[in-house]
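Heads up, the thing below is written out as structure tokens.
Each chain gets a letter, A, B and so on, in the order the sequences are listed, and its residues count up from 1. Computed from heavy atoms alone, side chains included, the values below leave out hydrogens, waters and symmetry copies. What you see is a predicted model, and the numbers here were worked out from it, not measured in a lab.
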Amino acid sequence: MPPRRSSIGSPDLDPLLAWYDGARRVLPWRAAPGESPDPYRVWLSEIMLQQTTVAAVIPFFERFIRRWPRLDDLANANLDDVLAAWAGLGYYARARRLHACAGAIIGEHGGRFPRDVAGLRTLPGIGAYTAAAIAAIAFEVPVVPLDGNIERVLARIHAVTAPLPRAKPELRRRAAALVPSHRAGDVAQALMDLGAMVCTPRAPDCPCCPWQRNCRANALGIVGRLPTPAPKSIRPHRHGVAFWLERADGAVLLQRRPLEGLLGGMLEVPSTPWREDRWTGTEARRHGPAAVTWHPLPGTVEHMFTHFRLTLSVWSGVGGGAGGSWHTVEQLADAGLPSVMRKVVRHVAANKTPPRSERRSADRRTGHGRAP
DNA sequence: CATGCGTGGTC
DNA sequence: TGACCAAGCAT
């Protein structure tokens, strides 16, 4: 009789749960022991946590809950308000889908979250991972979600050396073999906590791991090299010119970006397209929001996106009559600008005709703006 | 299945 | 300082 697969394939969940209970990590979306989790909070946190660190999410989560305490509050909110509240968190399509998802649950599901993976999976912004996570954590459905943390844990436990994404099918099988008969939500969160706090990408804390003795990679001394990352692609460098247009009363022009694509639906300082070739003055001027005299500001704004690096020159001009919305400088702080545009605002404040003493200190701070 | 999609922290 | 990283989704 061949050995049972579980005896060779899967580590025991009890030490993991014991470790989890001992760690007792308190997070604002997590139910207290013995209390049932709120699906709305679980869902909101899972969307925010997609490719985003816990530390970055916490203040956004608190603000969202304070402002929209229940699902239908969020469903009834204006999309622009949701986008503005999301500003700074990144991956803005999530905010659009969050709002659409709230509307779909209110409009098509009687205001209740579907309680199974397949139902959750049909909702905007909810993919395979998030559907499984919500099902397990909010509804105790016996599934193991597979996220980056759990992939790493499983790749190490089982010494899966194939590079991602080729290792995915095996990792999915390994996750399925772990599906618990009870405490599905705790198992899911325990696995993610283990990956986030112990089985970390760099400098994993193996002596503290409840599964150290089950870990093939640990036995082989290759923990630090797993999982094998996918080959990385090169990041191109793009250039643009942003147009800081000020009206006589001091208001500044912003425009809203198209709903689809980069920074979709977010406000921006109008600019040329962002391309790999640098812009000549003549070329850039054609993209300006108004036919005014433009004055290039010293220095540039540098920003790193996932798939390209951006260098933005900023031109300043005075005039009106352009399409868009006008904001006082005080309003800009709360306008819900994405981070790259907040950098533009900061750059203008530091470089636009300040008193001489302030200019010198601003130049030292940014490292830009010096004469060559 | 590869690609597009943000940001801030870390080493 | 730059590369890498973090609880993915949609197309």
Side-chain angles (χ1 to χ4, degrees), chain A residues 25 27-30 41-61 83 86-98 100-101 120-138 144-153 163-169 175 185 187-197 199-204 224 227 229-238 257-266 268 274 301-310 336-343 367:
Chain A
R25 191 147 74 126
L27 296 171
W29 46 85
R30 220 166 243 190
R41 290 176 157 249
V42 172
W43 162 70
L44 179 59
S45 69
E46 288 300 338
I47 300 299
M48 288 184 165
L49 286 163
Q50 289 167 2
Q51 297 286 278
T52 309
T53 58
V54 166
V57 163
I58 287 175
F60 282 86
F61 179 85
L83 286 171
W86 198 275
L89 198 54
Y91 285 134
Y92 298 99
R94 289 185 295 173
R96 228 176 336 112
R97 294 172 188 144
L98 185 84
C101 184
L120 290 162
R121 182 70 184 75
T122 65
L123 293 165
I126 298 184
Y129 160 74
T130 306
I134 296 172
I137 297 169
V144 171
L146 191 59
D147 72 334
N149 280 318
I150 301 179
E151 281 181 2
R152 184 172 56 256
V153 170
L164 294 167
R166 199 142 50 83
K168 270 293 197 66
V187 168
Q189 294 177 91
L191 284 165
M192 288 188 276
D193 278 7
L194 187 69
M197 302 164 67
C199 195
T200 51
R202 283 175 302 195
K232 46 189 176 293
S233 53
I234 56 108
R235 180 152 37 194
H237 188 170
R238 296 187 191 168
R257 294 176 63 87
L259 225 45
E260 300 292 328
L262 186 70
L263 305 175
M266 303 300 290
E268 69 170 353
W274 301 341
V301 171
E302 302 291 334
H303 191 74
M304 204 71 79
F305 289 96
T306 307
H307 52 296
F308 66 93
R309 183 161 90 90
L310 178 65
L337 290 174
S339 291
V340 60
M341 292 299 152
R342 298 183 69 105
K343 286 186 186 176

Starting at atom [atom1] of [X], determine the distance to atom [atom2] of [N], rounded to an integer number of angstrom.
| X | N | atom1 | atom2 | value |
| --- | --- | --- | --- | --- |
| A/Arg238 | B/dC5 | CZ | C1' | 11 Å |
| A/Arg309 | C/dC4 | CZ | C1' | 16 Å |
| A/Met266 | B/dG4 | CE | C1' | 17 Å |
| A/Met48 | C/dC9 | CE | P | 16 Å |
| A/Ile134 | C/dG8 | CD1 | C1' | 12 Å |
| A/Leu98 | C/dG8 | CG | P | 16 Å |
| A/Arg166 | B/dA2 | CZ | C1' | 15 Å |

- Task: List for me each residue that meets side-chain contact (heavy atoms from CB on, under 4.5 Å) alongside A/Ala167, sequence neighbours excluded, and say none if there are none.
- Result: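 Only A/Val160, A/Ala162, A/Leu164, A/Leu171 meet the side-chain contact (heavy atoms from CB on, under 4.5 Å) criterion with A/Ala167.
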- Task: Please list, chain by chain and in numerical order, all residues satisfying side-chain contact (heavy atoms from CB on, under 4.5 Å) with A/Pro231, sequence neighbours excluded.
- Result: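 Partners of A/Pro231 by the side-chain contact (heavy atoms from CB on, under 4.5 Å) criterion come out as none, since no residue qualifies.
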Contact class for [X] (heavy atom, under 4.0 Å): base, sugar-phosphate, or nothing?
| X | result |
| --- | --- |
| A/Ala55 | nothing |
| A/Arg30 | base |
| A/Pro124 | sugar-phosphate |
| A/Arg152 | sugar-phosphate |
| A/Thr130 | sugar-phosphate |
| A/Arg121 | sugar-phosphate |
| A/Ile126 | sugar-phosphate |

Could you go through residues 123-133 of chain A and list every donor-acceptor pair under 3.5 Å that involves a side-chain atom there, pairing it with any protein atom two or more places apart or in another chain?
residue  : atom : partner : partner atom : Å
A/Tyr129 : OH   : A/Glu46 : OE1          : 2.8
A/Thr130 : OG1  : A/Gln50 : NE2          : 3.0

- Message: Can you tell me if A/His307 touches the phosphate of B/dG4, counting only side-chain N or O atoms and a distance under 4.0 Å to OP1 or OP2?
- Response: no
- Would you say a side-chain N or O of A/Lys232 is under 4.0 Å from OP1 or OP2 of C/dA3?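 Result: no.
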- Task: Name all residues meeting the ring pair (Phe, Tyr, Trp, His ring centres under 6.0 Å) criterion together with A/His307; count only those two or more places apart in sequence or in a different chain, and write none if there are none.
- Result: none
- Task: Sequence neighbours left out, what passes ring pair (Phe, Tyr, Trp, His ring centres under 6.0 Å) with A/Phe61? Give chain and number order.
- Result: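 By the ring pair (Phe, Tyr, Trp, His ring centres under 6.0 Å) rule, A/Phe61 matches A/Trp29.
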- Task: Would you give the length of the straight line joining atom SG of A/Cys101 to atom CG of A/Leu44, rounded to the nearest 0.5 angstrom?
- Result: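 Reported value, rounded in 0.5 Å steps: 10.5 Å.
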- Query: Say you draw a straight line from CE of A/Met266 to CE of A/Met341; how long is it, rounded to the nearest 0.5 Å?
  - Reply: 10.5 Å
- Toward the 5' end of DNA chain C, which comes first, A/Trp29 or A/Leu123, by nearest nucleotide? A/Trp29
- Item | Toward the 5' end of DNA chain C, by each residue's nearest nucleotide, A/Pro229 or A/Glu260 | A/Pro229
- Item | Letter per nucleotide, 5' to 3', of nucleotides 6-11 of chain B [B base touched, S only sugar-phosphate touched, - untouched; heavy atoms, 4.0 Å] | BBS---
- Message: Run A/Phe305 and A/Leu263 through side-chain contact (heavy atoms from CB on, under 4.5 Å) and show every step you take.
- Response: CA-CA 11 Å; A/Phe305 289 96; A/Leu263 305 175; 4.3 Å; yes
